[in-house]
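Note sheet for the following structure.
For this chain, numbers begin at 1 and follow the sequence in order.
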Amino acid sequence: MEKFAEIKPLKIFILLTVGFFIFYSVQISFWTSRADVLTFASRSSADTPILKYAYLNYKSLLGALVLPNYHLGHTIVLWVVYHLMPDRLVSSVWPAGLVSAFSGAFIVGLTFLIWVKLGISKYRSLIISVFTGLIPSIWFHNTFGEIYALQLVSILSFLYFFLSKKYILATIAFLFACLVSPLSGLSFSLILLADWKKEIFIKAFFVGFAALVLYTLIFIAIGSDVLKIFDQLQNEYAGRSFLYRLFILILFLLLNFNFFILFFIKGWKQAQSETKTLFQKLQLALVPQLFLLFLGSTFFIELGSFQIPLFWGLAFPVGLALSNVKLYSPKVILPLLGSIILTIVLWQIPDRIMAIDRHDAGEWLKANRYTKIKVIGDWYSSIAVILERNNWNFKILSDDYFDRSYPSDSDFLATGEDSLIVVCSKKPKLRKLVSKLPIEGFKLNIYNPAKRLKSGKTEKVYENDSVILYKWKKYHPLISKNQI
C-alpha cells in the first residue's frame with residue numbers, strides 16, 4: 001500500500017484509461033438493436049453533418065413536431081469519426097461504438113482524478129473508478145455508440161476542470177456536454193462538490209451563464225429554435241402510478257448494483273461517518289437526476305441522460321466499502337462474477353439477439369424484392385429493418401419511412417401510398433411476464449394491424465422472435481374488398 005501511495009495520479013489515470021479502452025473496445029459490436037444509435041450512425045455518412053433536425057424529418061413524422069438537433073456535439077463527433085473510417089466499417093455501428101469506448105475509458109480515468117482532487121486516497125479512488133466502469137448500465141453504454149458515454153465524459157471533464165480552477169476549459173466542457181444532450185444541464189449541480197465559498201459560487205455562475213449564452217448563439221447560428229427542444233418535456237403521470245415509479249426506481253438500483261447491494265449499504269453508512277461533508281454534497285448534487293428518475297420522466301425519451309450520472313455518483317459508497325476488504329476474497333470475486341454474468345445476460349445478449357432478428361427481417365425484405373415499397377411502423381424495429389433492407393442508405397429514412405408506433409387508418413392514408421410494409425416489434429418474454437404484475441403502468445399495448453385496419457388488406461409476410469412484418473394494400477374505391 002505504501003508503494004502504491006508513491007505512484008503519481010497521472011500514471012494511474014493513464015493505466016486506467018488505456019486498460020478500460022482495451023476492455024470496452026474488444027466488446028464493440030457491428031450491430032445493435034438501438035434505433036437512435038442506428039439513426040445517428042447512418043446519418044454520419046452524409047457529405048455534411050445533419051444539424052437541422054434530430055432523428056427524422058417532417059415527412060417521416062407525418063406532420064408531427066420536428067425537433068432541432070439537440071445532439072449537435074454527438075452528431076459532429078460521429079460525422080468526423082465516420083469520415084475517417086474505411087468503407088467496410090461505415091455501414092455499421094462499430095465507429096459509433098469506438099467513440100463510446102474511448103469516452104468510457106476516460107470516464108473511468110477522470111473518475112479517479114476527480115475523487116483524488118476531492119481528498120479521497122488514491123487507493124480508494126482507484127476502487128471507486130474501477131467499480132464505476134463495471135456498473136452494468138455504464139459498461140453497456142460504453143460499448144455500443146449511444147450518446148450517454150460521450151455525455152458523461154463531457155460532464156466529468158467539466159467537473160474536473162472546475163475543481164482544478166481552469167474555468168475557461170470548464171465552460172467549454174460544460175457547453176459541449178449540453179451540445180451532446182441538453183439534459184447535461186442537470187449535472188451542473190455537481191459543482192456542489194467543490195468548496196462552498198462565495199467566490200466559487202460566483203465563478204460557477206459565470207461558467208454556467210457563459211455556456212448558456214454560447215449554447216443559444218450556436219442554435220441561432222444554425223437557424224434552429226432552441227426553445228422547441230422543451231416541447232418534448234414529458235412527465236408521464238397518466239397510466240403510471242406512484243407504485244409503478246417506485247418499483248422502477250428500485251429495479252434500476254437493484255439491477256445496477258445487484259450483488260454489490262450489501263457493499264452499497266455498508267458504504268453508505270461508512271460515507272456518512274468518514275466523509276460526511278463530501279457525501280452530503282454528493283447527495284445534494286444528485287437530487288435532480290434522482291427526482292426525475294423517480295418521476296418516470298421521459299424527457300426526449302432519454303432515461304440514460306440522468307440515470308448514468310446518478311449511478312456514477314452512487315458508485316462512491318460502494319467503492320469505499322470495497323476498499324476495506326481484500327479484493328481477491330470470495331466476498332468480492334463472487335459478486336463481481338455475478339455482476340458480469342448479469343450484464344451479459346440482461347444487457348448484451350438481448351441487444352445482440354434483437355439486432356440479429358431485425359437484421360434478418362431487413363435481409364428477408366431485400367431477398368424477396370420488397371426494396372421499393374415504403375415502410376411504416378414503430379421506431380424501435382423499423383430503423384434497423386429498413387437500413388438493412390437498403391444497404392445503410394441514410395436517405396431512405398427521409399424518403400421511405402413513416403414513424404408511427406400504432407398507426408391508424410388515417411396514418412396509412414396520410415402517407416399517400418397504395419401499399420406499405422408494416423413493421424411491428426414483438427415484446428420480449430420478460431416484458432410480457434412483467435406486464436402481468438397488478439401495477440398500473442405495466443400493461444402492454446398489443447398492436448395487430450390485420451385486426452385494426454379497415455382502409456386496406458393486411459397480411460403477415462414475415463415473423464421472427466423480435467419482429468413481425470405485414471404488407472398493407474389500400475382498398476381501391478372502385479374495387480370491392482373481395483377482389484383484392
Side-chain angles (χ1 to χ4, degrees), residues 14 17-52 54-56 69 71-109 139-154 176 179-180 347-349 351-367 371 382-401:
I14 293 172
T17 304
V18 172
F20 269 87
F21 176 71
I22 295 171
F23 174 70
Y24 292 139
S25 61
V26 296
Q27 300 175 60
I28 301 172
S29 176
F30 288 87
W31 295 340
T32 183
S33 66
R34 303 303 177 104
D36 46 356
V37 177
L38 291 166
T39 301
F40 274 98
S42 63
R43 284 165 37 130
S44 297
S45 60
D47 292 336
T48 57
I50 299 175
L51 305 179
K52 284 289 185 182
Y55 302 111
L56 303 171
N69 188 349
H71 292 319
L72 285 180
H74 182 251
T75 297
I76 293 172
V77 169
L78 278 193
W79 185 84
V80 171
V81 170
Y82 267 82
H83 281 73
L84 293 174
M85 290 289 150
D87 292 340
R88 63 189 180 87
L89 293 178
V90 171
S91 297
S92 73
V93 297
W94 194 91
L98 185 66
V99 172
S100 289
F102 186 80
S103 301
F106 274 89
I107 286 171
V108 176
W139 174 359
F140 179 60
H141 286 105
N142 288 347
T143 60
F144 78 100
E146 185 60 275
I147 68 160
Y148 306 132
L150 185 61
Q151 177 190 354
L152 183 55
V153 75
S154 304
F176 184 75
L179 289 174
V180 173
W347 273 266
Q348 295 182 347
I349 291 179
D351 181 70
R352 179 70 174 174
I353 290 173
M354 286 189 289
I356 292 174
D357 284 346
R358 293 168 186 176
H359 171 273
D360 291 346
E363 289 292 333
W364 184 89
L365 288 174
K366 186 192 302 183
T371 55
S382 298
I383 297 297
V385 171
I386 196 171
L387 284 175
E388 292 299 338
R389 187 194 72 171
N390 292 82
N391 300 316
W392 268 68
N393 180 1
F394 76 95
K395 294 181 180 179
I396 210 71
L397 300 181
S398 300
D399 298 336
D400 285 13
Y401 172 56

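- From T39, atom OG1 reaches atom CG of L56 across 6.0 Å, with rounding to the nearest 0.5 Å.
- Shown here for H71 and I147, the closest heavy-atom pair between the two residues is CE1-CD1, 3.3 Å.
- Shown here for S100 and E146, the closest heavy-atom pair between the two residues is OG-O, 3.4 Å.
- By the ring pair (Phe, Tyr, Trp, His ring centres under 6.0 Å) test, F102 is found to be paired with F106, residues two or more places apart in sequence or in another chain being considered.
- The CD1 atom of I396 lies 5.0 Å from the CD1 atom of I386; values are rounded to the nearest 0.5 Å.
- Looking at every heavy atom in both residues, N69 comes nearest to R43 through ND2-NH2, 3.4 Å.
- Atoms CZ and CG, on F394 and L387 in that order, are 11.0 Å from each other to the nearest 0.5 Å.
- Smallest separation of non-hydrogen atoms from V180 and S154: CG2-OG, 4.4 Å.
- In terms of the ring pair (Phe, Tyr, Trp, His ring centres under 6.0 Å) criterion, residue partners of F144 (sequence neighbours excluded) are, by chain and number, F140, H141.
- To the nearest 0.5 Å, atoms OH (Y24) and CD1 (I107) are separated by 7.0 Å.
- For S92 against A41, the heavy-atom pair with the smallest separation is O-CB, 4.4 Å.
- By the salt bridge (Lys or Arg N to Asp or Glu O under 4.0 Å) test, D400 pairs with R389, sequence neighbours left out.
- Of all heavy-atom pairs spanning A101 and I28, the tightest one is CB-CD1, 4.0 Å.
- Evaluation of the side-chain hydrogen bond (donor to acceptor under 3.5 Å, both in side chains) rule for T32 yields D351 as partners, not counting sequence neighbours.
- Partners of W79 by ring pair (Phe, Tyr, Trp, His ring centres under 6.0 Å), not counting sequence neighbours, listed by chain and number: H83.
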Quick one: side chains of residues 44-51, donor-acceptor pairs under 3.5 Å with protein atoms, not counting sequence neighbours, listed by atom name and distance.
| residue | atom | partner | partner atom | Å |
| --- | --- | --- | --- | --- |
| S44 | OG | F40 | O | 2.7 |
| S45 | OG | S42 | O | 2.8 |

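- N390 and K366 are not linked by any side-chain donor-acceptor pair at a separation below 3.5 angstrom, with hydrogens and angles left out of the test.
- For the atom pair CZ of F30 and NE2 of H359, the computed distance is 12.0 Å after rounding to the nearest 0.5 Å.
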